[in-house]
Each structure stands twice: as structure tokens, then as C-alpha cells.
Amino acid sequence: MKKLISICAILFCFLKVQAQNFDVQQIGKAKKLDWTGSIGGSTMLYHNSANLMRSNQLNYNINASLTGKILDIVELPFSFSVNQFQSSFTKPMMQFGISPRYKWLTVHLGNRNLNFNPYTLNGHTFLGAGIELNPGKWRIAAMYGRLRPSVEIDTATQALVQPSFKRIGYGFKIGFGSEKTFFDIIYFRAKDDSNSISNWRSKAIQQKIGDAYAIKPAENTVIGISSRLTIFKSLAFNTEGGLSLFNSDLTDTLGKSELQKNVPTNLNINASTSIRWAGKTGFMLSLKNFTLRTEYERVMPGYSSMGSYFFNNDLENITVSPSGVMAKGKFIYNVSV
């Protein structure tokens, strides 16, 4: 028993334990232990006629991964890679998350992520709790948790690691309809905790770490919509969008923005506040052997949401994508312009 406890303690400390979504009703049918893995490699030979050493003449990379599953609930992933420069063995830091599901109710606990729409909350991992409810035609989801931990300013090594404030976020989605026709309203809000890092207000420390690592607490409020309307089972219209109010410096008390006159006063509005919007709309026509998709997307310059890791912004896309089957299924085409 002592040996067993010791082994469990070592695994708990060094392995990443991340549970997947699972149906409570399927627990008895799941495999007790299952392993999957892969191994791969690549190599490249480089040569130039001028004998210039722009790159190593021989480059290679070998990588392998192994993932264990317990009852289709808990995952234990490992990875290993070797190349001409170095080798590495990856045991990610401890994370735990579980999403039990029973009929129309799903509960998320631990390290989880949710998707409301691409412009609001979009796959950002949080440490906290969430819930999804789909009774009948209702489409309800909510979450609360830590979006990122605090990272202290490292003055000893001249801030080789980017410092950051602890960020807390929450949001909800409420909608009604089916997969073919629905309408959702989304609200998401996140804010940095300015007290989660010590001495960041010190001018001496700010000068020592330089502008590249200077940080300010920020907050973000996003309102979004998602909808789909299906007509005659063959024509569907889709719309997704978000309106983001982003305050990049909560410490700025000078020069109150003109936005203060047009938004509720309980929001922090100053010279660092910006309002941006992003969205896309389009339709899909589905016939027997032909499908046509069209989409228009516009993302304003500087659009950002704390519920997503990254945005391509300052863009406008118009896409037309016909596809279909010809010659009794012998010829399939798919075009995107």
C-alpha cells in the first residue's frame, strides 16, 4: 500500500491529467485503460553552389507521442523529440479538467474551454467552472474562471519571461432554436487583477525591465450574436459577430475619452479605451448534386477579445465556394474563390 501511494503521488505531481467530455451513462462501457501513440520523422538536405553556409547541410527531426486513457475520462500525454540541435522530453505541468454529461446537462470543472462564437469566447482555456444546458430548444451556456495566472516581473534576469497579471473572466450565452435555425446572444467580460503582481507600479523597476516588458492592467467587455435561419431545408443564412470594448490601461485617469458620453458610466472609459466590431455573414444553398457557399467577413483594425488567444484583424474577406458531384459520382469538384 505504501508503494502504491508513492507511485500515485509521483504521477499526480509530474503528469498532466486532463479529462475529456464523457457521458455518465457510458462509464460502465468504457475501456479501463487504453494507449495510443505515434512516431514520425523528417529530414532535409541543403546545398548551394556558392558553398555559403546559410543552413546546416543536413537537418533532421524525430518526434514521438504517447497518450494513455483511463475509462475514456483521464488522459496522460507524453511527447519526445530529437533534432540536430537538442532533444527534449515533455511532461506538461499539472492540469485537471472534467466535463461530465447527463442527457441535456454538461458541467465543466477545472481546466476547460468553451466556444460561444469566433469573436467573443473562442476556445480560451480557463481554470474554473462552466455549464451547458440544452433542454428542448434552449441553448444556454455560462462560465467563470481564471483565464491566465500572474507572472511576476523578473528583475534578476532582466525580464526574460513576459510578466502578466492574473486575469479573471466570465460570460454566458443564451439562445433558442435547433441546429438548423437558432438565435444566440452572448456576453463576455474579463479583467486583470492589478494586485496580483507586486512592485509593477515602481518606476525604477519599469525602467530596469524596459518598455518591451512594461505591462498595464486591462479589461474587456464583448457582446456578440450568432444566428442561423434555414428556409425550405436547402437555403441557410448564417451570421456571427462581436462588439468589443477594450480598455488597455486601467491606470489611465487623464483625458477621459469622448466615448464616456455614449456608454454607461459604470464601465471604465479613458483615453486607452477602444470600441471595435467584427463579424461575418453568408448563406449556403444545398441542392441534390450542388452546394454553393458565400461569406462576407469584416474585422476592424485592432479588434481583440480576451476570450480568444489571437485574432487576424484589419481584414475584409469575400468568399464564394461552389462544390458538387458530376458524372454519377465519378467526378467531385470543390472550388473556393
Side-chain angles (χ1 to χ4, degrees), residues 20-21 23 36-44 59 61 63-65 67 72 75 77 79 99 101 106 113-125 132 134 137 139 141 173 175-186 188 222 224-244 276-305 307-337:
Q20 303 299 308
N21 296 352
D23 192 336
T36 59
S38 65
I39 183 170
S42 63
T43 183
M44 181 180 70
N59 297 281
N61 180 69
N63 56 76
S65 65
T67 300
D72 282 338
E75 285 192 356
S79 64
S99 297
R101 182 177 67 253
T106 303
N113 59 72
L114 291 174
N115 291 294
F116 288 172
N117 83 5
Y119 308 105
T120 54
L121 181 63
N122 183 27
H124 198 300
T125 299
E132 292 182 89
N134 300 108
K137 291 188 175 183
R139 301 160 51 89
K173 177 185 76 172
F176 188 81
S178 63
E179 288 299 316
K180 294 183 178 180
T181 299
F182 63 84
F183 183 81
D184 298 336
I185 298 176
I186 300 163
F188 174 77
V222 188
I225 61 167
S226 294
S227 69
R228 178 179 299 160
L229 175 62
T230 302
I231 304 175
F232 305 125
K233 297 182 180 181
S234 61
L235 182 61
F237 295 89
N238 298 280
T239 301
E240 293 180 304
L243 178 67
S244 176
R276 301 286 188 270
W277 63 268
K280 61 182 177 182
T281 184
F283 71 86
M284 182 177 67
L285 176 64
S286 300
L287 302 178
K288 184 177 180 180
N289 294 317
F290 176 76
T291 300
L292 175 64
R293 297 174 182 265
T294 67
E295 185 178 87
Y296 172 79
E297 181 180 22
R298 170 64 171 146
V299 182
M300 290 186 67
Y303 182 87
S304 183
S305 168
S308 180
Y309 288 107
F310 175 76
F311 274 101
N312 281 321
N313 57 57
D314 191 13
L315 61 87
E316 186 175 31
N317 288 332
I318 300 173
T319 307
V320 179
S321 301
S323 61
V325 180
M326 299 175 64
K328 297 181 179 181
K330 295 180 180 180
F331 180 74
I332 300 173
Y333 64 93
N334 193 334
V335 182
S336 181
V337 180

CA sep, side-chain torsions, deciding dist, call: Glu240, Ser226, side chain to side chain contact (heavy atoms under 4.5 Å, CB included): CA-CA 4 Å; Glu240 293 180 304; Ser226 294; 3.8 Å; yes
Min side-chain heavy-atom separation Ile231-Leu229 under 4.5 Å: yes
Side-chain donor/acceptor of Thr120 to backbone N/O of Phe188, under 3.5 Å: no
Contact summary for Asn117 and Ile225, nearest pair of heavy atoms: ND2-O, 3.2 Å
Criterion side chain to side chain contact (heavy atoms under 4.5 Å, CB included) on Val222 and Tyr303, from CA distance to verdict: CA-CA 11 Å; Val222 188; Tyr303 182 87; 3.9 Å; yes
Under 3.5 Å: donor-acceptor pair, side chain of Thr239, backbone of Ser227: no
Stacked cation flag Arg139 on Phe182, 6.0 angstrom / 45 deg: yes
Distance, nearest 0.5 Å, that separates CD1 of Ile332 from OG of Ser323: 10.0 Å
Arg228, CZ atom: more than 12 neighbouring heavy atoms under 6.0 Å: yes
Which atom of Glu132 lies closest to which atom of Ala141, heavy atoms considered: CG-CB, 4.0 Å
Rounded distance [0.5 Å steps], NZ in Lys280 versus CD in Glu316: 15.0 Å
Thr294 side chain reached by Leu285 side chain, heavy atoms, under 4.5 Å: no
Spacing of CD belonging to Glu295 relative to CD1 belonging to Ile318, to within rounding of 0.5 Å: 11.0 Å
Interatomic spacing from CG in Asn113 to OG1 in Thr125 - rounded to 0.5 Å: 4.5 Å
Nearest heavy atoms of Leu315 and Asn317, plus distance in Å: CD1-ND2, 3.6 Å
Heavy-atom closest contact (Phe290 atom, Pro322 atom, distance): CE1-CB, 4.0 Å
Ser38-Ser65 side chain donor-acceptor pair, cut-off 3.5 Å: yes
Exercise: identify the closest heavy-atom pair between Ile186 and Phe116: CG2-CD1, 3.6 Å
Worked verdict on Val335 versus Val337 for side chain to side chain contact (heavy atoms under 4.5 Å, CB included): CA-CA 7 Å; Val335 182; Val337 180; 4.0 Å; yes
Min side-chain heavy-atom separation Arg276-Ser304 under 4.5 Å: no
Mutual orientation of the aromatic rings belonging to Phe283 and Phe237 [parallel < 30°, tilted 30-60°, perpendicular > 60°]: tilted
Rounded distance [0.5 Å steps], CG in Asn115 versus NZ in Lys173: 9.0 Å
Rounded distance (nearest 0.5 Å) linking atom OH of Tyr119 with atom OG of Ser244: 13.0 Å
Closest non-hydrogen atom pair between Gly175 and Asp184, with its separation: CA-OD1, 3.2 Å
Side chain to side chain contact (heavy atoms under 4.5 Å, CB included) evaluation trace for Thr319 with Arg293: CA-CA 8 Å; Thr319 307; Arg293 297 174 182 265; over 6 Å; no
